[in-house]
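Worksheet: the structure to be examined is printed underneath.
Positions are given from 1 along the sequence. Fair warning: this is a prediction, and the values are worked out from it, not measured in the lab. Computed over heavy atoms, backbone and side chain alike; hydrogens, waters and symmetry mates excluded.
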Amino acid sequence: MLVGQTVSLLGSQVTMLALPLTAITLLGAGPVQTGLLLACGRAPYLLAGPFAGVIVDRLLHRWILLIANFVMAATLATIPLLAGLGHLGMVQLCTATALVGVAAVNAEVAYLACVPTVVDRTQLVQAQSLLELSQASALAAGPFLAGWLVSAFSAPTAILADSASFLLAAALLSLVPMRAAARSAAGRPSYSAKWPKG
């Protein structure tokens, strides 16, 4: 699970650089258009963020993560595909960025929520520490990897690599055993109870 998250985080760092470079190099986007593109990726955190917790609380975490990873992989894959066909435009880029942002918000909340179903309560602090280390490593290595991919291939190809990273993360996630969180009488997760195998 940690490996899959690290891979997807690393891929996301690649897209953060490759996406605006795609708009600038292929579409001739100016500062305003590039800023709008980046805003489309951040807007879901403001608009969809308040509802993500409700969704995660009511649905199975594994399925949320799997669906989110597949949505992000498929959406990002359309960018190099349309670029190769010569049909890529700012509308498609902004739409894809916003859709990936919505999926990412739900995936991030679901990922944090499912940690207690993977590790024992006594290991939660260590698990959270490893998650932070994983995120820090991806933040540090991602820009270098993005620069290399864009330089060696192209910005759309770098985005395709991110798409593949989400598929790999989904495949690794399907191998992780998760325990179903017991629910209290109020219908909220109760992590103090023992988890049945799920």
Side-chain angles (χ1 to χ4, degrees), residues 2-49 52 65-112 131-173:
L2 180 63
V3 174
Q5 177 71 355
T6 303
V7 168
S8 64
L9 284 172
L10 194 59
S12 296
Q13 290 301 306
V14 170
T15 293
M16 283 186 66
L17 178 64
L19 196 61
L21 286 177
T22 298
I24 294 168
T25 58
L26 294 186
L27 305 177
V32 174
Q33 290 174 307
T34 305
L36 176 62
L37 177 63
L38 295 175
C40 287
R42 289 300 174 186
Y45 285 85
L46 176 63
L47 301 176
L65 289 169
L66 287 174
I67 292 171
N69 278 307
F70 283 127
V71 167
M72 290 186 283
T75 303
L76 289 173
T78 64
I79 295 175
L81 175 62
L82 290 173
L85 295 174
H87 296 301
L88 185 65
M90 283 302 299
V91 173
Q92 290 88 347
L93 270 184
C94 289
T95 301
T97 303
L99 185 57
V100 168
V102 172
V105 170
N106 288 283
E108 288 175 15
V109 176
Y111 187 81
L112 291 174
L131 287 178
E132 290 300 321
L133 179 61
S134 166
Q135 184 174 8
S137 300
L139 288 172
F144 171 78
L145 178 61
W148 178 79
L149 286 172
V150 171
S151 176
F153 302 99
S154 66
T157 302
I159 294 174
L160 186 61
D162 186 17
S163 174
S165 76
F166 286 117
L167 292 178
L168 178 58
L172 293 173
L173 178 67

Roughly how far, to the nearest 0.5 Å, is [atom2] of [Y] from [atom1] of [X]?
X: Asp162; Y: Leu167; atom1: CG; atom2: CG; answer: 10.0 Å
X: Leu173; Y: Leu168; atom1: CG; atom2: CG; answer: 11.0 Å
X: Met72; Y: Ser165; atom1: CE; atom2: OG; answer: 8.5 Å

(message) Quick one: does any side-chain atom of Thr78 pair with a main-chain N or O of Thr75 as donor and acceptor, under 3.5 Å?
(response) yes
Would you give me the side-chain donor-acceptor pairs under 3.5 Å for residues 87-103, sequence neighbours excluded?
| unit_1 | atom_1 | unit_2 | atom_2 | d |
| --- | --- | --- | --- | --- |
| Gln92 | OE1 | Gly89 | N | 3.1 |
| Thr95 | OG1 | Val91 | O | 2.8 |
| Thr97 | OG1 | Leu93 | O | 2.7 |

Review item, side-chain donor-acceptor pairs of residues 27-46, under 3.5 Å, at least two apart:
| unit_1 | atom_1 | unit_2 | atom_2 | d |
| --- | --- | --- | --- | --- |
| Gln33 | OE1 | Gly30 | N | 3.2 |
| Thr34 | OG1 | Gly30 | O | 2.8 |
| Tyr45 | OH | Glu108 | OE2 | 2.8 |

For residues 138-160, which side-chain N or O atoms pair as donor and acceptor with protein atoms under 3.5 Å away, sequence neighbours left out?
| unit_1 | atom_1 | unit_2 | atom_2 | d |
| --- | --- | --- | --- | --- |
| Ser154 | OG | Thr157 | N | 3.3 |
| Ser154 | OG | Thr157 | OG1 | 2.8 |

(request) List the atom of Asn69, the atom of Ala169, and the distance in Å for their closest heavy-atom pair. (result) OD1-CB, 4.1 Å
(request) Give the minimum heavy-atom separation between Leu66 and Ala170, together with the two atoms involved. (result) CD2-O, 3.5 Å
